[in-house]
Amino acid sequence: MKPIITIEYCPKCGWMMRAAYMAQELLTTFTDDVYGVTLHPSEINGRYTISVNDDILFDRKREGRFPEIKELKQLVRDKVNPEKSLGHSDKK
């Protein structure tokens with residue numbers, strides 16, 4: 001069964017557009033590898049996480065920043081399909 005990516009964002013902080021952009025980028029990149037990308041408004045102020053099923057890959061509060069899209073794609077790739085090439089994103 002293919003995993004689901006969930007982006008949980010704080011609606012009170014106005015992060016819906018950021019979450020939608022991340023969701024679009026991830027869905028475009030991983031269409032064949034995941035079941036879908038879900039946006040989920042958090043009930044906790046300031047919360048912004050990216051999860052694959054129940055595994056949190058990125059937590060803004062823990063990291064103290066938002067993820068770069070290249071970094072986020074690599075985190076998701078490593079979790080859902082380590083063999084997938086991300087092209088230029090693979091270059092460090």
Would you give the length of the straight line joining atom CG of Asp55 to atom OG1 of Thr6, rounded to the nearest 0.5 angstrom?
11.0 Å
How far does CG of Leu75 sit from CD1 of Ile50, to the nearest 0.5 angstrom?
8.5 Å
Compare every heavy atom of Pro11 with every heavy atom of Pro41, then report the nearest pair and how far apart it is.
CB-CG, 3.9 Å
Could you tell me which non-hydrogen atom of Gly36 sits nearest to which non-hydrogen atom of Leu27, and how far apart they are?
CA-CD1, 4.3 Å
Atom pair CD (Glu68) and CZ (Phe58), whose distance is rounded to the nearest 0.5 Å
9.0 Å
Rounded at 0.5 Å granularity, tell me how far CZ in Arg60 sits from CZ in Arg18.
9.0 Å
Mind checking whether Met17 and Tyr21 have side chains closer than 4.5 Å, heavy atoms only?
no
State yes or no: do Ile5 and Leu86 share one hydrophobic cluster built from I, L, V, M, F, W and Y residues joined by side-chain heavy-atom distances below 4.5 Å, directly or via other members?
yes
Test item: Asn81 and Asp32 side chains (from C-beta on) under 4.5 Å apart, heavy atoms
no
Might you point out which heavy atoms bring Gly46 and Cys13 nearest each other, and give the distance in Å?
N-SG, 3.6 Å
Could you tell me the separation between the OH atom of Tyr9 and the NE2 atom of His40, rounded to the nearest 0.5 Å?
9.0 Å
Contact summary for Val52 and Pro3, nearest pair of heavy atoms
CG1-CB, 3.6 Å
Hydrophobic side-chain clustering at under 4.5 Å (ILVMFWY, transitive links): who's grouped with Tyr35? Put none if nobody.
Ile4
Going by salt bridge (charged side-chain N to carboxylate O under 4.0 Å, His left out), name the residues that satisfy it together with Arg62, two or more places apart in sequence or in a different chain.
none
In Å and rounded to the nearest 0.5 Å, what is the NZ to CG distance from Lys84 to Asp78?
12.5 Å
Please check if Ile44 and Met16 belong to a single hydrophobic cluster, counting links between Ile, Leu, Val, Met, Phe, Trp and Tyr side chain heavy atoms closer than 4.5 Å.
no
Looking only at heavy atoms, the pair that brings Lys61 and Asp59 closest together is N-OD1, 2.9 Å
Does some side-chain heavy atom of Ile69 sit less than 4.5 Å from a side-chain heavy atom of Met22?
yes
Taking every heavy atom of Ala20 against every heavy atom of Leu39, the minimum-distance pair comes out as CA-CD1, 4.0 Å
If you count every heavy atom of other residues, nucleotides or ligands that lies below 6.0 Å from Lys12 atom NZ, does the total exceed 12?
no
Membership question, hydrophobic clusters at under 4.5 Å side-chain separation (ILVMFWY): are Ile56 and Val80 in the same one?
no
